[in-house]
Amino acid sequence: MTRAVFLDRDGTLVDELGFLRDAATLRLLPGAAEGVRLFNRAGWRTVLVTNQSGIARGLLDEDDLCAVHARLEQALARADARLDLLLHCPHHPSAGRGLLRQSCACRKPEPGMLLDAARRLELDLAQSWIVGDSARDLEAGRRAELAGGVLVLTGKGRDELAALAPAERARVLSAPDLPAAARLILQGK
Ligand SMILES: [Mg+2]
Ligand SMILES: [Zn+2]
């Protein structure tokens with residue numbers, strides 16, 4: 001069985017730009033490729049899990065997202081870093097149209113994308129981690145019964161940390177950015 005790190009996209013790997021539709025505007029955060037590479041070299045699977053309700057809202061479509069993710073993979077490849085699987089949730093519970101407007105099992109904090117990846121890649125969830133800039137990333141990790149999660153203080157991470165109740169804040173593992181989170185996870189745990 002294989003270990004994985006689940007990685008949020010916006011605010012964790014790339015600049016938070018609202019709804020990223022145009023691949024040309026994609027920017028890796030400083031250290032993002034290094035962080036992914038650290039997991040690659042340690043033999044962990046790397047799985048992108050991203051909520052993309054902009055699709056339900058009609059702000060972008062699956063082709064736009066495909067182009068954005070192709071660009072992301074190219075940018076990582078130039079730095080010798082690789083994602084093993086990229087998953088997204090196109091739904092929203094109350095916004096948007098047709099079948100995309102639903103309370104699905106994949107929108108984080110639901111754990112559906114993590115469970116799906118575990119089936120596809122035969123992952124050991126109990127030894128896997130999640131890294132994201134949002135409390136709902138960490139909650140998805142809890143619901144999937146991962147070993148743990150790290151809140152990165154890039155993107156909206158600082159605001160998310162400040163918004164937690166004090167007891168919760170004391171329990172949360174945080175790191176300044178993705179490479180720091182990777183070192184934390186790969187060293188200690
Ligand atoms: Mg995020
Ligand atoms: Zn969904």
Side-chain angles (χ1 to χ4, degrees), residues 4-21 25-33 35-36 39 46-62 64-66 68-69 71-72 75-76 83 85-120 129-144 146 148-164 168 172-182 185:
V5 62
F6 296 96
L7 299 168
D8 171 53
R9 194 191 78 182
D10 299 332
T12 302
L13 278 179
V14 308
D15 260 337
E16 176 89 57
L17 289 173
F19 294 101
L20 176 57
R21 175 166 181 269
T25 62
L26 178 133
R27 295 281 178 274
L28 283 183
L29 286 170
V36 173
F39 285 107
T46 52
V47 181
L48 183 86
V49 287
T50 180
N51 285 356
Q52 292 298 320
S53 69
I55 295 177
R57 298 170 202 263
L59 300 174
L60 71 162
D61 62 24
E62 294 281 349
D64 298 324
L65 186 71
C66 235
V68 168
H69 284 177
R71 179 101 175 193
L72 171 61
L76 290 171
L83 294 170
L85 183 62
L86 294 86
L87 298 176
H88 69 278
C89 163
H91 307 113
H92 192 277
S94 59
R97 311 161 301 180
L99 288 173
L100 293 175
R101 179 172 174 161
Q102 59 158 288
S103 297
C104 63
C106 44
R107 181 176 165 79
K108 296 174 288 185
E110 292 299 323
M113 290 188 281
L114 286 63
L115 302 179
D116 183 25
R119 280 188 296 268
R120 295 200 209 184
W129 284 71
I130 189 165
V131 181
D133 71 326
S134 162
R136 71 183 168 188
D137 298 316
L138 303 188
E139 178 59 24
R142 274 183 219 111
R143 293 185 191 183
L146 303 186
V150 177
L151 185 75
V152 279
L153 302 181
T154 47
K156 57 188 178 187
R158 263 173 216 289
D159 292 340
E160 292 271 316
L161 186 63
L164 294 175
E168 174 70 5
V172 164
L173 275 177
S174 67
D177 57 15
L178 184 59
I185 292 169

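Order of appearance sets the numbers: ligands from 1, and atoms from 1 within every ligand. Atoms considered below: every heavy atom in the structure, side chains included; atoms not considered: hydrogens, waters and symmetry mates.
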Colleague: Take the Zn ion (ligand 2) and tell me which protein N, O or S atoms are nearer than 2.8 Å.
Modeller: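 Counting only protein N, O or S atoms under 2.8 Å from the Zn ion (ligand 2), the list reads Cys89 SG, His91 ND1, Cys104 SG, Cys106 SG.
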Colleague: Please give me the minimum heavy-atom distance between Ala117 and Val47, naming the atom from each residue.
Modeller: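 Minimum heavy-atom separation between Ala117 and Val47: CB-CG1, 3.9 Å.
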Colleague: Ignoring hydrogens and geometry, is there a side-chain-to-backbone donor-acceptor pair from Thr154 to Gly11 under 3.5 Å?
Modeller: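 Pair found, side chain donor or acceptor close to backbone of Gly11.
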Colleague: Can a donor-acceptor pair be found, under 3.5 Å and without considering hydrogens, that links the side chain of Asp159 to the backbone of Lys156?
Modeller: no
Colleague: What residues, two or more places apart in sequence or in another chain, satisfy side chain to side chain donor-acceptor pair (under 3.5 Å) together with Asp10?
Modeller: none
Colleague: Would you find a donor on one side and an acceptor on the other, under 3.5 Å apart, between the side chain of Glu110 and the backbone of Arg107?
Modeller: no
Colleague: Leaving waters out, which protein N, O or S atoms fall under 2.8 Å from the Mg ion (ligand 1)?
Modeller: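 N, O, S partners closer than 2.8 Å: Asp8 OD2, Asp10 O, Asp133 OD1.
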Colleague: Taking side-chain contact (heavy atoms from CB on, under 4.5 Å) as the definition, give me every residue that meets it alongside Arg57, ordered by chain and number, with sequence neighbours left out.
Modeller: Phe19, Ser53, Leu59, His92, Ala95
Colleague: Is there a donor-acceptor pair closer than 3.5 Å between any side-chain N or O of Lys108 and the backbone N or O of Cys89?
Modeller: no
Colleague: Any side-chain donor-acceptor pair under 3.5 Å between Arg9 and His69?
Modeller: yes
Colleague: Could you check Arg21 against Asp64 for salt bridge (Lys or Arg N to Asp or Glu O under 4.0 Å), going step by step and ending with a plain yes or no?
Modeller: CA-CA 6 Å; Arg21 175 166 181 269; Asp64 298 324; 3.4 Å; yes
